Amino acid sequence: MKTKELLFDPVIKNNPIGLQVLGICSALAVTAQLKQVAIMSVAVMLVTGVSSMMVALIRNTIPSSIRIIVQMTVAASAVIIADQALKAYFYDTSKQMSVYIGLIITNCIVMGRMEGFAMKNKPWASFIDGLGNGLGYAAMLFAVGIVRELFGSGKLFGISVMSLTTEGGWYQSNGLLLLPPSAFFIIGCVIWLIRTFRPEQIEKE
Amino acid sequence: MSDSAGKTLTVAAVLCGVCSVLVAGAVVVLKPKQMYNADIDFKKNVLLAAGLYQPGIDVNEVFTQVQPVVVNLETGEVVEDINPETFNQAKAEKEPENVITLDKKEDAAGIKKISKLQKVYLVKKDGTVDQIVLHVYGKGLWSTMKGFLSLDKDAVTVRGFNYYAHGETPGLGGEVDNPNWIAQWPGKKVYTEDMKPAIDVIKGKVDPGMRNAEYKIDGLSGATLTANGVENTFQFWMSENGYGKFLANMRDGGIQ
């Protein structure tokens, strides 16, 4: 597959959250603020890309009996290193995101790409595929995040766009959007939107 | 796919070795920066309560105005022979000789145990104490809410207060982080005329003309239990079992 396809197909054509329905859990937790979305997206993209690349490098030497555990070890190491780097360079945000960076290891997208792509493809292609799926994840998270932060707290990236009534302004914030389940509703709407324009994504009966 | 037992063990061992080296290496290399960040963050929160923090300042430089001291809550005295710079509050909380277990009647804030040694931050101005910054914490609805309270040198009037850590519901109890709620604290009094803990979180907004307005704090809409937590926290830490004795000492001019 060509690099461009690997990188951009997962954004709309084969979105990990929208079509493959993977990695939904963290979408609930970190989409209340766009700053957290940005950091989570970069972390997932890099972890998925690097883990896939590492697994692809050793794919011919992994005994099939320990295949899954090997993948988990590689992914877990990448996640720990990402978490430590965040604590060192983006301390304030990492405190806000607390356990969710560490939980990237539970994100099905990471394991899904290692097992589904990296075990059968070359390292560079696997890296781009990981990056691409991370990008698809990021796109979905940004869509949800924009709605939740803007209409839930009147801000974008922490900058006030619609002044809240609790701060003397005019906008009565939508409290539901600040709570995690709202992310589910929004994802549902995005999937609906994508499939309206791309009916080929609708599962056959 | 090769499957012999020997091959499996070798691959597993090498993989574990390589990953361990990478992970341990990252942790060791990044630790100094992380500790520095945690230290700056802590100092920033102390300065925030004292009204000395602005985004972009050199935290370490501004923090030179702050003199930490270690206080014994039971005597209300500064413990002279402990170096405040090396005193580790978290470690002290675990040492059995420091731990005081509170019984239910005393434990308004629901924290069960406290350390009798507490680090207090004296903000100096022109050589004398101007503000006293105290670490206070207590049970909210979902979490232990931790904050810094800055009192004026009269040890009664609030100069600033905010929570640096809590897990209350965003939009409800989480409104303790709302700048407007935080802004009402300077000028409030933590003790009544007869030195009883006074802070009272009411329902609704405080009318400055109200009787005893200086002891009243705006309520948090939909967050009664968090608000109770705030009140209880003050109830405890301003009492004899908290900083009461120390603050009385400060007022009598016992500590400079």
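A, B, ... follow the sequence lines: proteins, then strands. Residue 1 opens every chain. Keep in mind it's a predicted model, so treat the numbers as computed, not measured.
- Within 6.0 Å of the CH2 atom in B:Trp185, the count of heavy atoms belonging to other residues, nucleotides or ligands exceeds 12.
- At a 4.5 Å heavy-atom cutoff, B:Ala165 makes no contact with chain A through either its backbone or its side chain.
- For chain A, the option among B:Ile40, B:Leu15, B:Asn37 with the highest count of heavy-atom pairs below 4.5 Å is B:Asn37.
- Within residues 69-77 of chain A, the residues having any heavy atom closer than 4.5 Å to a heavy atom of chain B are A:Val70, A:Thr73, A:Val74, A:Ser77, listed by residue number.
- You'll find the side chain of B:Val206 stays beyond 4.5 Å of the side chain of B:Ile217, heavy atoms only.
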Evaluation steps, side chain to side chain contact (heavy atoms under 4.5 Å, CB included), between A:Tyr100 and A:Gln36: CA-CA 10 Å; A:Tyr100 295 111; A:Gln36 294 182 356; over 6 Å; no
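- When B:Tyr164, B:Trp237, B:Tyr121 are each tested for a side-chain hydrogen bond (donor to acceptor under 3.5 Å, both in side chains) with B:His135, only one passes: B:Tyr164.
- Rounding to the nearest 0.5 angstrom, the gap separating the CZ atom in B:Phe42 from the CG atom in B:Leu47 is 10.5 Å.
- Side-chain contact between A:Leu131 and A:Leu135 is absent, with no heavy atoms from C-beta onward closer than 4.5 Å.
- Of the atoms belonging to B:Asn178, it is side-chain heavy atoms, and not backbone ones, that fall under 4.5 Å from chain A.
- Ion pairing between a basic and an acidic side chain is recognised when a charged N comes within 4.0 Å of a carboxylate O; A:Glu115 and A:Arg67 show such pairing.
- Counting heavy-atom neighbours within 6.0 Å of A:Lys95 NZ, excluding the residue itself, gives a total above 12.
- Comparing B:Thr10, B:Val18, B:Val23, B:Leu22 by heavy-atom pairs within less than 4.5 Å of chain A, the highest count is held by B:Val23.
- Under the 3.5 Å distance criterion, with hydrogens and angles disregarded, no donor-acceptor pair is assigned to the side chains of B:Gln89 and B:Lys119.
- A donor-acceptor contact closer than 3.5 angstrom is absent between the side chains of A:Thr48 and A:Arg113.
- Interface remark: of the candidates B:Cys16, B:Ala38, B:Ser20, B:Ala26, B:Ala38 forms the most heavy-atom pairs closer than 4.5 Å to chain A.
- The neighbour count for B:Met210 CE, taken as heavy atoms of other residues, nucleotides or ligands under 6.0 Å away, is above 12.
- Taking the six-membered ring for Trp, B:Tyr137 and B:Phe236 have ring centres at least 6.0 Å apart.
- For a heavy-atom cut-off of 4.5 Å, chain B lies close to A:Ile80, A:Ile81, A:Gln84, A:Ala85, A:Lys87, A:Ala88, A:Tyr89, A:Tyr91, A:Asp92 in residues 78-93 of chain A.
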